[in-house]
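Report on the structure given below.
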Amino acid sequence: MPESVWQRTELRVLILAENGLTTLSPEIGRLDRLSTLDLGHNALAAVPDDLGDLSGLCDCLYLHDNRLTQLPQTLGRLTRLRYLNVGENPLDALPETIGGMTSLIELRAQHNRLTSLPESIGRLRNLRELWLRGNTIEHLPPSVAELQELRHLDLRENAVAEFPEPLAGLPRLRQIDLRSNRLSHLPDWLAQMPSLEKLDLRWNEIDPSSPVLTELERQGCVVFT
C-alpha cells in the first residue's frame with residue numbers, strides 16, 4: 001500500500017479487499033475515524049496490534065479469507081464495532097479479549113480451526129447472530145447462557161456430541177443449525193425454548209420420531225432431521 005494512504009486520517013471507509021496483501025503497516029492505526037475496514041480476501045498472515053487503535057470502527061471489520069493464525073488481543077478495544085468477520089482463516093482460537101467488543105451484533109468465524117470459544121464470549125450481550133460453521137467445536141462455554149439477544153446460531157459441521165446446555169435459557173433464540181455434528185440424543189428442555197422457530201439436525205444420529213421433536217413441531221417449530 002502506498003504510504004500516503006495512512007496520511008488520510010479523514011477516511012471513514014477503507015476497502016482493501018482482494019489486493020493480494022501479505023502485510024499491513026502499523027500506520028493503519030492512525031485512521032481512527034474509520035467506521036468500516038475491509039481487509040478480506042487477501043493473503044495476510046498477521047495484522048498489527050494497531051488495529052485496536054481504530055476507535056471509530058462502529059460498523060464492519062472484515063478479516064475473512066486470509067492466512068491469519070491468530071488475532072491481536074487489542075481487538076477487544078473495538079467497543080463500538082457491530083459486525084466482525086474472521087472466517088476462512090487457519091485460526092485455532094479467538095482472543096479472550098473478544099468479550100470487550102460489547103457492541104457486536106454479528107460475529108462470523110466460519111471455516112476456521114476453532115476447537116472452543118473463549119469464556120468471555122458471554123459478555124457480548126448485544127450479539128444476535130453467531131456463525132461457527134466448519135470448525136471442530138465440541139462444547140460451548142457456560143457463558144453462552146448470557147447471550148440473551150442471540151437469534152441465530154450456526155454450528156453446522158462441527159464436533160458437537162451433546163446438545164449445548166447453555167442454550168436452554170436463551171429467550172430470543174429462533175434458529176439453530178446443527179447439521180453434520182455427532183448428536184444422538186436430545187434433552188427434554190429443548191421443547192421449552194420459548195422462541196425456537198427452526199431447528200436443523202440433518203446428518204446426525206437423531207431419531208426423527210423423538211417425543212421432543214414431536215412437541216417442537218406441535219408448537220410450530222420447523223424441524224429438519
Side-chain angles (χ1 to χ4, degrees), residues 40-41 62-69 83-94 98 104-119 121-122 124 127-147 149-225:
H41 305 294
Y62 299 91
L63 295 172
H64 60 292
D65 191 20
N66 276 283
R67 300 174 184 172
L68 302 174
T69 57
Y83 176 96
L84 175 62
N85 190 342
V86 296
E88 291 90 37
N89 281 290
L91 293 171
D92 59 13
L94 297 177
I98 200 168
L104 278 185
I105 292 174
E106 184 170 338
L107 172 58
R108 290 181 176 260
Q110 68 284 355
H111 297 294
N112 286 296
R113 299 176 184 174
L114 304 178
T115 58
S116 63
L117 298 178
E119 185 67 26
I121 197 109
L124 304 182
L127 197 67
R128 296 189 178 197
E129 299 185 21
L130 181 56
W131 299 79
L132 298 167
R133 176 180 178 177
N135 286 284
T136 56
I137 294 170
E138 297 182 10
H139 306 284
L140 296 180
S143 66
V144 165
E146 304 298 320
L147 301 179
E149 293 296 326
L150 195 65
R151 268 79 161 172
H152 183 100
L153 175 62
D154 185 352
L155 274 168
R156 182 177 178 178
E157 298 167 7
N158 275 278
V160 178
E162 295 184 7
F163 205 92
E165 188 171 354
L167 304 182
L170 297 184
R172 295 178 174 83
L173 189 55
R174 299 173 184 169
Q175 298 185 359
I176 304 174
D177 190 342
L178 276 161
R179 281 177 283 179
S180 298
N181 276 276
R182 301 174 183 173
L183 293 169
S184 59
H185 173 73
L186 297 174
D188 292 339
W189 54 257
L190 186 56
Q192 300 172 13
M193 296 188 71
S195 301
L196 197 59
E197 298 175 353
K198 181 181 178 182
L199 176 62
D200 201 332
L201 298 169
R202 286 176 285 180
W203 306 298
N204 285 281
E205 298 297 325
I206 296 294
D207 180 359
S209 63
S210 166
V212 176
L213 298 182
T214 301
E215 177 60 20
L216 279 173
E217 291 181 322
R218 188 193 69 78
Q219 295 174 12
C221 180
V222 176
V223 177
F224 294 102
T225 52

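The structure presented is a predicted model; accordingly, all values stated were derived computationally and were not measured.
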Backbone of [Y] reached by a side-chain donor or acceptor of [X] within 3.5 Å:
X      : Y      : answer
Thr136 : Leu114 : yes
Asn135 : Arg113 : yes
Asn89  : Asn112 : no
Asn158 : Val160 : no

Considering all heavy atoms, the nearest [X]-[Y] contact:
X      : Y      : answer
Pro141 : Pro118 : CG-O, 3.9 Å
Leu183 : Asn204 : N-OD1, 3.0 Å
Leu68  : Pro90  : O-CD, 3.2 Å
Leu107 : Ile98  : CD2-CD1, 4.0 Å
Ala191 : Glu215 : CB-CG, 3.8 Å
Leu147 : Leu170 : O-CD2, 3.4 Å

Would you say that [X] contacts [Y] through its side chain, given a criterion of any heavy-atom pair below 4.5 Å between the two side chains?
X      : Y      : answer
Ile121 : Leu140 : no
Asp92  : Thr69  : no
His41  : Tyr62  : no
Leu124 : Leu130 : no
Leu94  : Leu117 : yes
Ile176 : Met193 : yes

Item to check | For Arg179, all residues meeting salt bridge (charged side-chain N to carboxylate O under 4.0 Å, His left out), sequence neighbours excluded | outcome: Asp177, Asp200
Checklist entry - Does Arg172 have any salt bridge (charged side-chain N to carboxylate O under 4.0 Å, His left out) partners at least two apart in sequence or in another chain, and if so, which? => result Glu149
Just how far is it from atom [atom1] of [X] to atom [atom2] of [Y], taken to the nearest 0.5 Å?
X      : Y      : atom1 : atom2 : value
Leu190 : Cys221 : CG    : SG    : 7.5 Å
Leu173 : Leu199 : CG    : CG    : 9.5 Å
Leu84  : Leu104 : CG    : CG    : 6.0 Å
Leu186 : Leu178 : CG    : CG    : 9.0 Å
Arg133 : Arg108 : CZ    : CZ    : 11.0 Å
Glu106 : Arg151 : CD    : CZ    : 12.5 Å

Considering residues, nucleotides and ligands other than [X], do more than 12 of their heavy atoms fall under 6.0 Å from its [atom1]?
X      : atom1 : result
Gln219 : CD    : yes
Arg182 : CZ    : no
His152 : NE2   : yes
Glu217 : CD    : yes
Glu119 : CD    : yes

Next on the checklist: For residues 175-224, which residue pairs pass the ring pair (Phe, Tyr, Trp, His ring centres under 6.0 Å) check, not counting sequence neighbours?
Outcome noted: Phe163-Trp189
Item to check | Side-chain H-bond candidate by donor/acceptor type, Glu88 with Gln110, under 3.5 Å | outcome: yes
